[in-house]
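In what follows, a single structure is set out as structure tokens and then discussed.
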Amino acid sequence: MPIIQLPDGSKRQYDEAVTAATIASDIGPGLAKAALAAKVDGLDWDLNRPIETDCLLQLITAKDSEAALELVRHDCAHIMAEAVLELYPGTQVTIGPAIENGFYYDFHREDPFSTEDLASIEARMHEIVDRDELITRGVWTRDEAVAFYKEKNEPFKVELVESIPAEETVSFYTQGDFIDLCRGPHLVSTGKAGHAFKLMKVAGAYWRGDSNRPMLQRIYGTAWLSEKELKNYLTMLEEAEKRDHRKLGRQLDFFHLQEEAAGSVFWHPRGWTLYREIEDYMRRRLDNAHYSEVKTPQLVDRSLWEASGHWDKFGENMFTAETNEDRTLALKPMNCPGHVQIYRQGVKSYRDLPLRMAEFGSCHRNEPSGALHGIMRVRAFTQDDAHIFCTEDQINSESVAFCHLLQEIYADFGFTDIRVKFSDRPEVRAGDDETWDKAEKALADATKAAELETTLNPGEGAFYGPKLEFVLRDAIGRDWQCGTLQVDFVLPERLDAEYVAEDGNRHRPVMLHRAILGSLERWIGILIEQYSGRMPVWLSPVQLVIASITDSSNDYAKEVYEAALAAGLRAELDTRNEKIGYKIREHSTAKIPFILAVGGREEEARTVAIRQLGSDGQQVLGVEEAVSMLCDAATPPDLKQDRA
RNA sequence: GCUGCUAUAGCUCCAGCGGUAGAGCGCACCCUUGGUAAGGGUGAGGUCGCGUGUUCGAAUCACGCUAGCAGCACCA
């Protein structure tokens, strides 16, 4: 005789087991229609699953959009699997969860699915929704489930079920002729899933995410509660495509990539100007934060990589070169061993610490071919790398200072939504617990002092120490992991770095590995996408174009151009034999922040007509006034006068 | 690296499915000197990603390779 308590505190009593669906219709026909699933004492519950004991019941409707979406997406996965089995008998089903924005299902089949197959699968899915098949839940013992799938010759499912403890039961869901092992919950019938879904792509995916195991065929779909939301999502994808850095990089003439140097960037003058502007900015920030910049060799004998431990762990991904004297050199994949070599020159005293050694380090890593992606994931890149050699007592203050620096720098580039992942001690690790306690506390305190919230990544720290990972969110909500701060007790030991302490004895320093932008290449890719190619003025490769209206104003245009150059602005002169409308269009498309049009009227009055990107109005200013206004707009954020 | 797809003019793309290819933009030249997102004309430009094979003949068919795209795996 269950007593059902509702979220508003009211209670209902029933004489026998009752379903949430019944309760919903007892409350009202509107709710009965709107209810999609339920939560019983916080547990997911199907509407038609009997409730036998007293509980707290919560009905889920489309208003609980997150829960409702999850239901719809998960149902879509099942509906897709049902459609696939109908169309391609003999296909094996494996797993199919709801994911962000949609769902997928992994199938095993001799002939892979083609993009054309998606259309027919999708059409069949719509049919299944229209059939409005009842979805019913059943329960088996584990062994019944194993027997069922053995009978059906579904080895992947057998493996899944066998990984469940023998004494446990498993639930399964049936809709039409389709049956799938599933934790649930599900909607009442396939009709409830609606039609706001679309199959997106097919791709291979390893069974259980393990590259040593067979590859399955994964079909991805997106699903929403309404056609409108589906449409919005598809529009958003189109927008994201428009700001793709690979496309914009070519359009804006920033860089190109080509087959003969896969994974390395050919920087064009405009892109390189942007790159240098960022490097100059970072150099100023590092100088102000009391870092010393160094440069270490590209090619280093393998013995150093063996000593540092990199050869063992990452040797396969290092580029090597043989010399005619039988030496094996490796292109550096990172800068830390080189920095330790500089540290080790001469005897260091505790008075030298903390010693902050920075490098715009060009590194090469032989990334797997499938990992390459525009300039975001490349084989040759430059890190804004630095290593802080310090004592254990200095970890805290150095970490705090670093977090502050990082936040300011991100803000200067327009990123304020920053998440921090805190990865603490892994199972297998070097160093004693006391040292780990100290290092973890120091890092945690530092993020607190910098007013950064962290989420814990348990056990994900490096074997040599805990780390922070800084993830920023861009204008369209994508996350990018850029900065990092890692505490390292191991490398100083391995490469024999030491300092003389106040007590006159030699001690090991701690090394803090840290980067803010990560890789300059990737950072620029992120910036391009963040700003859709419309870079802030200080970063724009060309800050203004002076365009003459007729060639009788060419000399005056040149005069203005020289004035802009003399003021340190990045200006270009356009005196081509084209109409002003044409020039405006072209430079607007090239996302130049300011266009200065000059004609007879301007020449007469010694003025310029300024048009700012994104507005169609114009502002007429005297030349000097204009140049000073533009210089102001072009000042890097760290050099602004009003900055504290 | 794995699975699937793709590769045609500088760029964006179409036609071609065994008989050596076309548009728009861009580029060059000429006309035009025009006041805020494309003025007009003419012209040049392609070993159809690379290699091998089949064939009288390959952009087209087969095999191999390379690179790119999507996803998976990887990311010190």
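By convention in this document, chain letters (A, B, ...) are assigned in the order of the sequence lines, proteins followed by strands, and residues within each chain are numbered from 1.
Around atom CD of A:E604, no more than 12 heavy atoms belonging to other residues, nucleotides or ligands sit under 6.0 Å away.
Residues A:G599 and A:C336 each lie close to RNA chain B; by heavy-atom proximity, the contact nearer the 5' end of the strand is made by A:G599. With the nearest nucleotide of RNA chain B identified for both A:G581 and A:L216, A:L216 has the one nearer the 5' end.
Between A:K295 atom NZ and A:F360 atom CZ the span is 8.5 Å, to the nearest 0.5 Å. Once rounded to the nearest 0.5 Å, the distance linking CZ of A:R270 with CG of A:L252 reads 8.5 Å.
For A:R365 and B:C74, the shortest distance from a side-chain N or O to OP1 or OP2 is not below 4.0 Å. In terms of phosphate contacts, A:S552 brings no side-chain nitrogen or oxygen within less than 4.0 Å of OP1 or OP2 of B:U33. An OP1 or OP2 oxygen of B:A70 is reached within less than 4.0 angstrom by a side-chain nitrogen or oxygen of A:H373. Note on A:R522: every side-chain N or O is 4.0 Å or more away from OP1 and OP2 of B:C75. The phosphate of B:U3 (OP1 or OP2) has no side-chain N or O of A:R109 nearer than 4.0 angstrom.
Here B:A37 is the nucleotide among B:A37, B:A76, B:G71 with the atom lying nearest to any side-chain atom of A:I584. Listed nucleotides: B:A37, B:G71, B:G4. Nearest to the side chain of A:T589: B:A37. The side chain of A:K201 sits closest to B:G71 out of B:G71, B:G1, B:G35. Taking every side-chain heavy atom of A:P368 into account, B:C74 is the closest of B:U12, B:G35, B:C74. Listed candidates were B:U66, B:C27, B:A76. Nearest to the side chain of A:Y582 is B:C27. Nearest to the side-chain atoms of A:A205 among the listed nucleotides B:G35, B:A67, B:C72 stands B:C72. The side chain of A:A203 has B:A70 as its nearest neighbour among B:A73, B:A70, B:U36. With B:G68, B:A76, B:G35 as the choices, the nucleotide that has an atom nearest any side-chain atom of A:A262 turns out to be B:G68. Among B:G34, B:G35, B:C74, the nucleotide with an atom closest to any side-chain atom of A:A609 is B:G35. Checking B:C72, B:G35, B:C74 against every side-chain atom of A:A371, the shortest atom distance belongs to B:C74.
For B:A76, the base is stacked against the aromatic ring of A:F314, per a cut-off of 5.5 Å between centres and 30° between planes.
Remark: A:R73 fails to qualify as a cation-pi partner of A:F103 under the 6.0 Å distance and 45° angle criteria applied to the six-membered ring. In this structure, A:R109 is positioned above the aromatic face of A:F113, its NZ or CZ under 6.0 Å from the six-membered ring centre and within 45° of the axis.
Looking at A:Q217, its side chain has no donor and acceptor atom pair within 3.5 Å of the base of B:G71. Residue A:Y206 places no side-chain atom within donor-acceptor reach of the base of B:G71, judged by atom type and a 3.5 Å distance cut-off alone. Taking 3.5 Å as the limit, the base of B:A70 and the side chain of A:R218 contain no donor-acceptor pair of atoms between them. Between the side chain of A:D551 and the base of B:U33 there is at least one donor-acceptor pair of N/O atoms closer than 3.5 Å. At a cut-off of 3.5 angstrom, the base of B:C75 holds at least one donor-acceptor pair with the side chain of A:R377.
Of all nucleotides present, only B:A28 satisfies the Watson-Crick or G-U wobble test against B:U42, with each distance under 3.5 Å. Base pairing annotation: B:G64 forms a Watson-Crick or G-U wobble pair with B:C50, both donor-acceptor distances under 3.5 Å. Applying the Watson-Crick and G-U wobble criteria (two distances, each under 3.5 Å), B:U3 pairs with B:A70. Partner assigned to B:U8 is none, using Watson-Crick or G-U wobble distances below 3.5 angstrom. In this structure, B:U36 makes no Watson-Crick or G-U wobble pair, since no nucleotide meets both defining distances under 3.5 angstrom.
When heavy atoms are screened at a 4.0 angstrom cut-off, A:Y220 is found touching the sugar-phosphate backbone but no base atom. Note on A:I549: a base of the nucleic acid sits closer than 4.0 angstrom, heavy atoms only. Heavy atoms of A:T550 sit under 4.0 angstrom from at least one base atom. When heavy atoms are screened at a 4.0 angstrom cut-off, A:N317 is found touching base atoms of the nucleic acid. No engagement by A:K313 is indicated, since no non-hydrogen atom pair under 4.0 Å with the nucleic acid exists. Residue A:G600 is classed as a base contact, given a heavy-atom separation below 4.0 Å to a base. Using a 4.0 Å heavy-atom cutoff across all strands shown, A:E602 reaches at least one base atom of the nucleic acid. Across all strands shown, A:A597 has heavy atoms under 4.0 Å from base atoms, whether or not it also approaches the sugar-phosphate. If you check every strand for non-hydrogen atoms under 4.0 Å, A:R250 touches sugar and phosphate atoms only.
As rounded to whole Å, 18 Å separates atom P of B:G35 from atom OH of A:Y556. B:C50 atom P lies 10 Å from atom CD of A:E259, rounded to whole Å. Between A:D111 atom CG and B:U3 atom C1' there is a gap of 13 Å when expressed in whole angstrom units.
Electrostatic pairing of A:R508 and A:E493 counts as a salt bridge here, judged by a charged N lying under 4.0 Å from a carboxylate O. For the pair A:K242 and A:E239, the salt-bridge criterion is met [side-chain N within less than 4.0 Å of a carboxylate O].
Between A:W436 and A:F489, the angle of the ring planes goes over 60°, which puts this pair in the perpendicular group of the 30/60° scheme.
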